[in-house]
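Below is one structure, written out as structure tokens; the observations come after it.
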Amino acid sequence: MTEFRPRGAVAPLRRPASMPRRLTVDAAVAALRPEEPLHCLRPQAVRAAARAFVAAFPGDVLYAVKCNAEPAMLRAVAAGGVAHFDCASEGEVRLVRSLFPEASIHFMHPVKSRGAIRAAWQRHGVRDFVLDTDAELTKILQETEGGAGDLGLIVRLALPKGSAAYDLSGKFGAAPAEAAALLRAARPHAARLGLSFHVGSQCLDPSAWTRALALAAEVIGEAGVAVEIVDVGGGFPVAYPGSEPPPLADFMAAITAGAALLPAGVRLWAEPGRALVAGGASVVVQVQQRRGDALHVNDGVYGALSDAGAPGFRFPHRLIRAGGDPVAAVRRDFTLFGPTCDSADVMRGPWTLPADVREGDWIEIGQLGAYGTALRTAFNGFDRALVVEVADPPMLATAGYGAGTAAARIA
Ligand SMILES: *Cc1c(COP(=O)(O)O)cnc(C)c1O
């Protein structure tokens with residue numbers, strides 16, 4: 001019961017021996033000539049994004065651990081000033097507690113096993129739990145023996161389907177009247193009572209938060225009990241090719257406008273995942289075969305490229321070619337195929353690259369710090385991967401990444 005593996009049986013990312021810290025991606029590829037996916041971590045970018053979010057958000061910032069649970073990324077989030085963690089499982093709780101003995105951990109999954117509640121409460125000092133049903137409230141009260149006067153209870157409110165890339169209200173959340181009833185039922189047991197929602201992931205529309213906060217204010221009014229916390233969830237977007245969000249300040253302004261409708265003295269929480277860590281990793285894949293405009297590469301939807309598959313996200317990318325050979329000036333659109341035998345293992349992009357892409361070339365794919373590493377599986381035995389820390393800035397979806405104009409030649 002002591003061993004903890006954040007990714008089940010998936011092979012951990014391997015650090016190559018004797019690599020200097022903080023080299024460039026090109027230098028790492030030149031040194032390693034990697035035939036396995038190479039994860040290039042940028043902890044300094046995560047630290048900066050966390051610091052910027054903490055400075056801009058008018059309340060407490062909880063990092064949503066599921067987005068990327070690599071210890072180097074968690075440490076970077078903490079170094080950026082985040083002292084609260086949104087965990088959804090006992091495994092996440094144990095991982096965060098092992099790294100940060102002092103952190104506040106919040107158990108934000110609306111359906112928890114009894115054992116997970118008990119372990120979080122008794123062993124890991126978790127005091128705040130989310131719920132969206134009466135049954136879960138009963139379970140939490142039983143497993144924490146009534147909460148001993150220090151229980152935080154957060155009611156998850158469902159939102160109407162909005163403009164996010166991923167809807168996160170399809171599965172969890174109480175309808176407004178139900179949420180009001182749950183606030184009333186939880187109030188006598190709660191040292192802290194809160195209401196939370198999630199507008200959906202990669203939500204490009206700041207006004208979604210204003211609308212959700214207006215609904216939260218109505219629910220609190222209908223409940224007729226005091227509420228100490230409103231948690232505006234995650235969903236804050238980052239830039240991908242073809243998806244340029246408004247600046248973070250616009251989201252904060254929309255939240256401030258919505259929060260003005262809440263009763264005085266309510267404390268705000270946010271649970272960003274993607275916005276803190278997306279820029280914190282790229283993955284360098286290698287072309288193993290070219291068939292016309294199809295490129296077979298060594299990572300795919302069962303590895304770090306899940307969101308490039310059926311969800312259809314596009315990612316910034318660039319070619320890296322060894323041997324000092326020139327790269328064609330003409331660009332062309334390619335489809336990437338992952339290494340597994342499943343025909344669903346395809347990333348349609350389009351991936352715009354020099355027209356002469358060939359076997360042995362590498363493609364660096366950026367913005368994979370969010371829901372990249374975290375979603376790897378061992379399917380078909382393609383889970384071996386390397387990891388290095390690099391000094392490069394994040395691959396923003398501007399300046400040629402996506403248009404195929406950025407390409408590098410290494411020795
Ligand atoms: C996934 C999730 C988050 C993080 O969402 P992002 O879109 O990555 O910011 C926050 N809160 C809850 C409850 C989640 O399920």
Side-chain angles (χ1 to χ4, degrees), residues 46 49-50 52-54 56-57 59-70 73-74 77 80 82 84-89 91-93 96 104-112 116 126 128-133 136 152-159 161-174 179 194-206 208-209 212 216 229-240 243 245 248 251-252 254-255 268-281 306-307 311 313 315 367-375:
V46 172
F53 198 100
V54 167
F57 183 71
D60 295 326
V61 177
L62 289 56
Y63 170 58
V65 171
K66 77 168 186 280
C67 193
N68 189 324
E70 287 298 312
M73 297 289 102
L74 292 169
V77 165
V82 173
H84 301 259
F85 293 84
D86 158 5
C87 291
S89 63
E92 288 182 353
V93 169
V96 171
S104 300
I105 301 177
H106 312 262
F107 208 144
M108 303 307 272
H109 194 303
V111 184
K112 297 164 282 300
V126 177
D128 297 331
F129 296 83
V130 82
L131 60 110
D132 62 1
T133 58
E136 191 75 5
L153 292 170
I154 314 294
V155 174
R156 170 90 172 251
L157 171 67
L159 297 178
K161 187 160 169 47
S163 52
Y166 271 108
D167 178 28
L168 288 174
S169 281
K171 189 165 173 183
F172 299 127
L195 187 63
S196 76
F197 56 77
H198 199 299
V199 299
S201 202
Q202 183 68 8
C203 178
L204 296 168
D205 177 10
W209 276 268
I229 298 149
V230 169
D231 178 346
V232 304
F236 301 92
V238 300
Y240 298 100
S243 178
L248 186 63
F251 293 86
M252 298 303 158
I255 288 168
L268 294 181
W269 291 359
E271 304 167 352
R274 188 187 302 277
L276 303 193
V277 295
S306 176
D307 278 351
F313 275 57
F315 291 89
Q367 296 287 71
L368 282 173
Y371 307 110
T373 318
L375 292 172

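Side chains included, hydrogens not; waters and symmetry mates left out as well; all remaining heavy atoms used. Throughout, residue positions are numbered sequentially from 1 according to the sequence presented. Both counts, for ligands and for their atoms, begin at 1 and track the order of listing.
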Could you tell me which atoms of ligand 1, counted from 1 in the order shown, lie closer than 4.0 angstrom to a heavy atom of Gly234? 9 (O), 10 (C)
Pairs of nitrogen or oxygen atoms closer than 3.5 Å, one from Gly200 and one from ligand 1: do any exist? no
Does ligand 1 have any atom sitting under 4.0 Å from a heavy atom of Gly235? yes
Would you call Arg156 a ligand 1 contact, heavy-atom distance under 4.0 Å? yes
Rounded to the nearest 0.5 Å, the CH2 atom of Trp209 sits from the SG atom of Cys203 at a distance of 4.5 Å
Using 0.5 Å steps for rounding, measure from the CG atom of Leu157 to the CZ atom of Phe172. 14.5 Å
Test your reading of the structure: does Glu271 have an N or O sitting under 3.5 Å from an N or O of ligand 1? yes
Taking only heavy atoms of Ala64, which atoms of ligand 1 are found under 4.0 Å from at least one of them? 3 (C), 4 (C), 10 (C)
Give the atom numbers and elements of ligand 1 that come within less than 4.0 Å of a heavy atom of Arg274. 6 (P), 8 (O), 9 (O)
Any nitrogen or oxygen of Pro272 lying under 3.5 Å from a nitrogen or oxygen in ligand 1? Just yes or no. no
Sub-4.5 Å side-chain heavy-atom contact between Val238 and Tyr240: yes
From CD (Glu92) to CG (Leu74), nearest 0.5 Å: 9.0 Å
Using a 4.0 Å heavy-atom cut-off, which part of His198 comes near ligand 1: side chain, backbone, both, or neither? side chain
Asn68 side chain to Gly369 backbone, donor-acceptor under 3.5 Å: yes
Has Lys112 got a side-chain atom pairing as donor or acceptor with Val130's backbone, closer than 3.5 angstrom? yes
Which bit of Ser201 gets closer than 4.0 Å to ligand 1, counting heavy atoms only: side chain, backbone, both or neither? both
Gly273 neighbourhood, listing ligand 1 atoms whose heavy-atom distance to it stays under 4.0 Å: 4 (C), 6 (P), 8 (O), 9 (O)
If I take atom CG from residue Asp60 and atom NE2 from residue His106, how far apart are they, to the nearest 0.5 angstrom? 7.0 Å
Ligand 1 to Asp86, heavy atom cutoff 4.0 Å, flagged ligand atoms 10 (C), 11 (N), 12 (C)
How many angstroms lie between CG in Leu368 and CG in Leu375, if you round to the nearest 0.5 Å? 10.5 Å
His84 and Trp269 aromatic ring geometry - parallel, tilted or perpendicular at 30°/60° bounds: tilted
Please state whether Tyr371 comes within less than 4.0 angstrom of ligand 1, counting heavy atoms only. yes
